[in-house]
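One structure is given here, and the rest of the page talks about it.
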Amino acid sequence: VLISDQVVAPLHGRPLVDRLGARGIPTELLTFPAGETHKTRPTKDALEDGLLRLGAGRDAAIVAVGGGVTGDLAGFVAATWHRGIPIVQVPTSLLAMVDAALGGKTAVNLSQGKNLVGAFHQPCAVYADVRVLATLPDRELRQGLAELVKSAVIADAQLFRWLERSVPALLDRDESALEHAIAGCLRIKGRVVARDAHDRGRRAVLNFGHTVAHALEVASGYALPHGTAVSIGMCIEAELAVEATGFPRPQVRRLERLLQRCGLETHVPAHLSREEIVCATRRDKKTRVGRARYAVPRSLGRMLPGAEVTVEVSEDDLRRALGGPG
Ligand SMILES: NC(=O)c1ccc[n+]([C@@H]2O[C@H](COP(=O)([O-])OP(=O)(O)OC[C@H]3O[C@@H](n4cnc5c(N)ncnc54)[C@H](O)[C@@H]3O)[C@@H](O)[C@H]2O)c1
């Protein structure tokens, strides 16, 4: 059963259903409305009703064709359908190719918080074909660049320097540049996930920028796209890292400049309530005994060593870093 959102289904979902059918693999298509606001329990219910209608049993497999929303949703459906059936991830957005499709995290959002209900369910395969990015809107391409920059910051100073040189080629959708970038990110994520699949220690390094990003998404009612939120989140958390880990201030500026050249925002939008953002960080999954924790770098390409990669930051320090109106 192939699952796609209603934007990707006609572009890449339906053609793949037809190709699989032509190869003698009976395949059905289930769709849902596109967008983060549909990564919810009701959408999961509707997809499960679809599986029931199709009579999908334990011998079924799910193929997720789409962006990170599709991968997270379809992955969660696969994780719980008949207590778990196989999932193949076919990411079609840059963000899903460099990040979401790999690693086995699946979830839906609640209005109170991102990804609050979910499961670990590793895909049996991930197929990323850069040619499908031809139909991806520019705005979505930029969203993926945010996670690409994150991968470089947490693990690879050389990749960061390569990005500084290669932003124009990536924005031009140069296929060899895209392949180089995607492969680099997948190597980084694969290495981290292989050592800590269930996110009990070092996997938290992948969360750089995400404590603030998830809070921004919640405070904006999911109106702020994930990549944009990660871009702003990285700038705020890099600022926090100056105090917390000695992250060099000139590198904060370098990070901001690279994100801006990618066409990404680096400041918290004025209309978002700072207090709501601070409040939303309390529900972050890294929170311990009520205190938010942040996975922040020591320098470009390096996180804290060892299993404890997060630091505690006070809410007053966060308020200062968020800046802007109250
Ligand atoms: N599981 C993980 O480890 C992980 C990691 C990072 C992000 N995520 C999740 O991923 C989600 C964000 O992913 P996203 O940015 O891909 O969002 P998305 O799935 O909503 O895709 C963005 C938009 O692009 C469209 N689209 C996708 N591919 C297309 C193509 N080839 N041509 C035309 N349109 C296309 C979609 O229809 C959608 O409208 C968030 O929910 C985030 O939490 C998960």
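Please read these numbers as outputs of a predicted model, since none were measured by experiment. Atoms within each ligand, like the ligands themselves, are counted from 1 in listed order.
- Using a 4.0 Å cutoff on heavy atoms, Gln6 does not count as a contact of ligand 1.
- Counting heavy atoms only, Gly68 comes closest to atom 13 (O) of ligand 1 of the residues Gly68, Gly71, Ala34.
- Within ligand 1, the atoms closer than 4.0 Å to a non-hydrogen atom of Lys105 are 1 (N), 3 (O), numbered from 1 in the order shown.
- Near Gly67, meaning under 4.0 Å from one of its heavy atoms, ligand 1 places the atoms 16 (O), 19 (O).
- Given atom 12 (C) of ligand 1, the protein heavy atom at minimum distance is Leu95 CD2, 3.7 Å.
- Ligand 1 is approached by Pro137 to a heavy-atom distance shorter than 4.0 Å.
- Distances shorter than 4.0 angstrom occur between a heavy atom of Leu136 and an atom of ligand 1.
- With a heavy-atom cut-off of 4.0 Å, Leu11 touches ligand 1 through its side chain alone.
- Inclusion of Thr92 in the set of residues having an N or O under 3.5 Å from an N or O of ligand 1 is warranted.
- Looking from atom 6 (C) of ligand 1 to the surrounding protein, the closest heavy atom is Asp99 OD2, 3.6 Å.
- When only non-hydrogen protein atoms are considered, atom 26 (N) of ligand 1 lies nearest to Val8 CG2, 3.6 Å.
- With a 4.0 Å heavy-atom cut-off, ligand 1 is reached by no atom of Leu133.
- Other residues sharing a hydrophobic cluster with Tyr222 under the 4.5 Å side-chain heavy-atom criterion for ILVMFWY residues are Val218.
- Looking at Lys189 against ligand 1, only its side chain comes within 4.0 Å, counting heavy atoms.
- Looking at ligand 1, you won't find any N or O of Thr106 less than 3.5 Å from one of its N or O atoms.
- In this structure, atom 20 (O) of ligand 1 lies nearest to the protein heavy atom Val69 CG2, 3.3 Å.
- For a threshold of 3.5 Å applied to N or O pairs, the pair formed by Gln143 and ligand 1 contains no separation below that value.
- Of all protein heavy atoms, the one closest to atom 43 (O) of ligand 1 is Lys114 NZ, 2.6 Å.
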